[in-house]
Amino acid sequence: MPPRVAQWTGRDGCVTLPIGADTASGPGVSPQKRADFDARSWPLGDQGARAPIPSGLTPYEAAVMNIAGFGGRTSALLMVKDGRIVVEHYQAGHDVHTAQRTFSVAKSLAATLIGNAVLRGKLDVAAPAAIAEWQSAGDPRAVITTEQLMRMASGLTSDSAGNRTDAIYMGGASVRAWTTQWPLLNPPGSRYRYANNDTLLATLSLKAALAKEGEALDPAAFFDRLAMTRTFVEHDKDGDFILSSQVWTTARDLARLGLLYLNDGMADGERILPADWRLFVSTPSGPQPDGPFGYGAGFWLLDKSAGVPSDAFGAFGNRGQYVVIIPSRRLVIARQGYDDAAQRLDIAKLTAAVVAGDDKAGARK
């Protein structure tokens with residue numbers, strides 16, 4: 001195939017340009033200095049992040065001592081209990097500042113950005129999505145809401161399970177050109193079908209809603225507010241963010257995302273998400289997927305997993321990327337990996353083991 005060019009843009013990482021393009025025809029964004037909050041106290045920095053380490057093995061460490069027993073290839077495992085890190089392990093060559101691709105954990109990041117816009121009155125997720133290409137007279141897609149896109153219930157045609165979006169991720173294709181072309185297959189809200197396109201379209205709706213208010217969509221600035229300063233959200237050549245997969249982040253930044261939801265949308269005394277947003281994203285509504293996990297709005301549900309509290313929900317990504325949030329236990333589990341079809345982590349089994357360890361930790365007090 002013809003070569004592609006990936007152009008560095010600074011805070012937003014790289015942009016994959018179309019065939020035949022070179023850096024001279026790219027976005028032309030100058031590299032920017034990244035915010036660096038490391039010297040601040042956790043979670044707005046990295047100081048004092050670890051809970052006091054007692055002598056001997058803690059119940060949390062004992063629960064995951066044989067991490068390979070849960071399957072997959074784990075590169076980072078981090079647990080937060082009551083706001084402090086109680087387990088933090090990295091494979092060789094990885095540390096607190098090693099960013100890995102999130103894959104579909106990015107969909108939960110997109111839902112978080114949408115939640116902040118809802119808080120500020122910029123977006124109504126129950127209203128039809130603001131997709132310019134659907135507004136011609138008689139277009140049945142005009143009624144699809146942003147919420148239906150978040151819940152994978154748009155009814156749009158998918159070319160394959162999950163909607164293969166390699167052309168966007170790796171080939172330099174336009175997010176807008178690729179996602180807005182698909183016709184309806186089912187009435188909106190009637191069928192669940194997991195699709196990368198739905199999240200990308202929800203993000204386009206968010207961008208349009210903000211633009212109407214004279215505001216740009218700026219994920220980097222938002223995540224910097226949460227001290228997720230090593231979280232890079234890629235965009236295409238037109239500036240549309242690829243928030244279905246193309247985000248790079250660290251285990252600690254994933255834990256910070258989990259803490260935002262554990263604290264019901266509050267960070268450093270400031271409300272970042274609506275008071276009911278955690279309930280919204282973690283509550284099933286409408287059609288549901290087959291299989292062991294339910295689906296909320298940009299987050300998966302572990303309410304059918306044995307040994308796991310019913311309020312557990314999480315961000316799941318391909319190749320073993322997970323953030324599990326258990327409000328009733330004040331627990332966050334962040335796991336990154338390099339899984340494949342032959343070796344996959346059993347996230348329900350791992351979560352149940354951590355909950356069992358939490359029971360033992362409580363019994364010791």
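Starting from 1, each residue takes its place in the sequence as its number. Everything numeric here is computed off the predicted structure, so don't read it as measured data.
- Looking only at atom types and distance, the side chain of S108 has no donor-acceptor partner in the side chain of Y261 under 3.5 Å away.
- Salt bridge annotation for D95-R252: absent, with no cationic side-chain nitrogen under 4.0 angstrom from a carboxylate oxygen.
- Enclosure of atom NZ in K212 is not indicated, since only 12 or fewer non-hydrogen atoms of other residues, nucleotides or ligands lie within 6.0 angstrom.
- Enclosure of atom CZ in R120 by more than 12 non-hydrogen atoms of other residues, nucleotides or ligands within 6.0 angstrom is indicated.
- Taking the ring centre of Y295 as origin, the terminal cationic atom of R193 falls outside the region bounded by 6.0 Å and 45° from the ring axis.
- Under the 30°/60° scheme for interplanar angles, the aromatic rings of W8 and F232 are found to be tilted.
- Counted by atom type alone, N318 and R344 present zero donor-acceptor pairs between their side chains at under 3.5 Å.
- With hydrogens and angles ignored, the 3.5 Å screen pairs a side-chain donor or acceptor of N263 with a backbone N or O of L259.
- The main-chain N or O of S328 is found under 3.5 Å from a side-chain atom of D311 such that the two form a donor-acceptor pair.
- Using a 4.0 Å cut-off between charged side-chain N and carboxylate O, D46 and R256 make a salt bridge.
- A cation-pi arrangement, defined by a distance under 6.0 Å to the six-membered ring centre and an angle within 45 degrees of its axis, is present between R101 and F103.
- Counting only distance, with no hydrogens or angles, the side chain of S205 and the backbone of A130 share a donor-acceptor pair below 3.5 Å.
- The salt bridge (Lys or Arg N to Asp or Glu O under 4.0 Å) search around D290 returns none, not counting sequence neighbours.
- Between R230 and D38, at least one side-chain N (NZ, or NE/NH1/NH2) sits under 4.0 Å from a carboxylate O, which counts as a salt bridge.
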